[in-house]
Amino acid sequence: MIVWINGAFGAGKTSTARELIDLIPNSTLFDPEVIGGELAHLLPAKRLAEVGDFQDLPIWRRLVVDTAAALLAELGGVLVVPMTLLHQEYRDEIFGGLASRRIEVRHVLLAPAETILRARIADREIPENLPDGEIRVRQWSYDHIEPYRAALASWLTADAHPVDTSALTPYDTAVRVAEAVRSGDASACDIVQTPEPTSETVAAGVLLFDEEDRVLLVDPTYKAGWEFPGGVVEPGEAPARAGMREVAEETGIRLEDVPGLLVVDWEPPAPPGYGGLRLLFDGGRLDSDEARRLLLPGPELRAWRFVTEREAADLLPPVRYERLRWALRARERGAALYLEAGVPLG
């Protein structure tokens with residue numbers, strides 16, 4: 001398993017993690033900051049300048065998952081990971097990637113009072129050989145207090161097991177964390193386990209509409225970004241039936257009629273992804289009573305909303321939005337379309 005120690009900069013994550021590996025048998029410290037430091041040497045300066053934080057780099061998030069999985073395969077036991085995660089979509093991507101590898105994550109939040117946190121930042125030791133280190137490191141920590149507050153108010157407290165460290169030493173904090181893991185108070189993250197594909201896949205999505213002809217989008221817990229209801233077609237399963245199954249599992253809506261095909265989109269492989277066929281079906285219009293019966297299974301979906309085509313452009317990744325855009329055109333025309341990478345052919 002992984003014990004992920006979250007918290008604001010200055011909360012004492014690393015010092016607690018060092019104490020914790022002495023309290024949890026067969027445990028190893030893995031600090032993802034090491035990956036960020038290596039990327040500073042590996043990536044072109046132009047790419048690094050495009051982001052404000054190495055966490056914003058998709059390669060960093062991917063390497064955190066891959067490295068954690070490789071370390072557990074090599075060493076077994078428990079990984080203790082001290083790392084601030086304040087973006088819910090980054091948490092989804094990393095924890096979802098770990099879940100797909102059947103790696104259990106216990107998410108712990110170190111949460112001292114803000115006055116204590118500010119005092120710790122002020123007293124933090126800064127390496128003498130770091131140019132402008134005192135100003136930059138302290139200011140960086142102070143600047144992240146507000147995003148930390150926002151995460152606390154929205155998702156972080158509900159997702160992680162909190163430990164108030166205001167009056168605790170790192171050792172005392174580690175004892176509390178170890179006991180929470182042992183007792184199950186810090187339980188495994190309730191997140192769907194979607195196996196990583198090993199080859200091209202066929203996925204079926206279903207578009208559902210409200211009485212204003214807005215389309216339903218869902219927010220998965222296990223990956224970043226909004227999606228259509230749907231998922232990977234299982235071996236021996238008809239794609240339209242797979243879409244119906246996924247709609248029922250994700251939303252509680254059971255479609256009586258097999259939905260009509262709108263688009264077939266070939267998604268080219270983009271390593272590490274394998275690509276494959278992506279199908280969108282027309283699930284029809286839900287009346288207001290049906291819309292009110294939408295359910296959200298905790299391990300899989302966090303939220304749902306009906307959106308206009310224009311609103312969808314701000315929520316969906318570009319290729320997914322193009323797929324939706326052409327599906328809506330196909331629905332208007334009453335004829336299915338064949339796409340390659342979101343572009344219609346023929």
Side-chain angles (χ1 to χ4, degrees), residues 96 192 194-195 197 200-267 275-313 315-339 341-342 344:
V192 70
T194 303
E200 290 186 350
T201 55
V202 177
V206 179
L207 301 186
L208 298 168
F209 301 87
D210 68 1
E211 293 174 329
E212 300 175 35
D213 245 12
R214 297 177 301 177
V215 67
L216 177 67
L217 297 183
V218 294
D219 183 12
T221 60
Y222 54 90
K223 63 180 178 180
W226 289 75
E227 249 294 11
F228 322 110
V232 173
V233 178
E234 295 179 353
E237 188 176 30
R241 302 287 179 176
M244 297 171 72
R245 171 182 55 77
E246 289 283 351
V247 166
E249 291 175 359
E250 293 182 356
T251 70
I253 299 293
R254 299 193 177 276
L255 301 176
E256 294 182 3
D257 299 322
V258 176
L261 180 65
L262 293 173
V263 297
V264 176
D265 188 11
W266 178 71
E267 187 174 283
L277 289 178
R278 309 291 179 252
L279 288 74
L280 280 182
F281 295 88
D282 185 356
R285 186 177 284 111
L286 303 177
D287 62 34
S288 56
D289 289 337
E290 289 175 309
R292 279 194 290 269
R293 290 200 299 271
L294 281 168
L295 303 175
L296 286 176
E300 195 155 353
L301 299 179
R302 178 180 300 108
W304 60 267
R305 59 189 291 191
F306 287 101
V307 299
T308 64
E309 183 177 342
R310 177 171 293 184
E311 290 169 335
L315 296 174
L316 295 174
V319 69
R320 211 171 291 159
Y321 171 69
E322 285 301 306
R323 197 173 296 145
L324 170 65
R325 191 167 72 87
W326 287 111
L328 295 178
R329 301 294 84 77
R331 184 170 182 255
E332 293 168 358
R333 300 168 185 171
L337 291 171
Y338 170 71
L339 315 178

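Only heavy atoms go into these numbers, but all of them, side chains included; no hydrogens, no water, no symmetry mates. None of the values given here were measured: they were computed from a predicted structure.
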Tell me the closest heavy-atom pair linking [X] and [Y], and the distance in Å.
X	Y	answer
Ala204	Gly243	CB-N, 4.0 Å
Asp257	Met244	O-CE, 3.8 Å
Pro259	Asp282	CB-O, 3.2 Å
Gly283	Leu255	O-CD2, 3.9 Å
Val233	Pro239	CG2-CA, 3.9 Å
Val258	Ala240	CG1-CB, 3.6 Å

Report the C-alpha separation of Leu279 and Val263 in whole Å, then their side-chain angles, then the decisive distance to 0.1 Å, and conclude whether the side chain to side chain contact (heavy atoms under 4.5 Å, CB included) test is met. CA-CA 6 Å; Leu279 288 74; Val263 297; over 6 Å; no

Side chain to side chain contact (heavy atoms under 4.5 Å, CB included) evaluation trace for Val307 with Arg214:
CA-CA 5 Å; Val307 299; Arg214 297 177 301 177; 5.7 Å; no

### Task
Answer yes when Glu237 and Arg245 have at least one side-chain N-carboxylate O distance shorter than 4.0 Å, and no when they do not.
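Here Glu237 pairs with Arg245 in a salt bridge, since their nearest N and O are under 4.0 Å apart.
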
About how many Å separate [atom2] of [Y] and [atom1] of [X], when rounded to the nearest 0.5 Å?
X	Y	atom1	atom2	answer
Phe228	Leu216	CZ	CG	10.5 Å
Leu328	Leu280	CG	CG	9.0 Å
Tyr338	Leu277	OH	CG	7.5 Å
Arg285	Leu208	CZ	CG	11.5 Å
Arg323	Asp265	CZ	CG	4.5 Å
Arg241	Glu234	CZ	CD	14.5 Å

TODO: Begin from the C-alpha positions of Leu286 and Ile253 and carry the test side chain to side chain contact (heavy atoms under 4.5 Å, CB included) through to its verdict.
DONE: CA-CA 9 Å; Leu286 303 177; Ile253 299 293; 4.2 Å; yes

Between Glu309 and Arg325, is a salt bridge (charged side-chain N to carboxylate O under 4.0 Å, His left out) present by the stated rule, with each step listed?
-> CA-CA 7 Å; Glu309 183 177 342; Arg325 191 167 72 87; 5.2 Å; no

Measure from the side-chain N and O atoms of Glu322 to the backbone N and O of Val319, and report whether any donor-acceptor pair falls under 3.5 Å.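 Looks like no, no N/O pair under 3.5 Å.
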
Would you say [X] and [Y] make side-chain contact, with heavy atoms under 4.5 Å?
X	Y	answer
Val264	Leu339	no
Trp226	Pro220	no
Leu207	Leu324	yes

Under the criterion side chain to side chain contact (heavy atoms under 4.5 Å, CB included), I'd like the reasoning laid out for Glu246 against Val206: C-alpha separation, chi angles, the key distance, then a yes or no. CA-CA 9 Å; Glu246 289 283 351; Val206 179; over 6 Å; no

**OP:** Only one of Arg305, Arg278, Arg320 passes salt bridge (Lys or Arg N to Asp or Glu O under 4.0 Å) with Glu227; say which it is.
**Re:**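 The single option meeting the salt bridge (Lys or Arg N to Asp or Glu O under 4.0 Å) with Glu227 is Arg320.
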
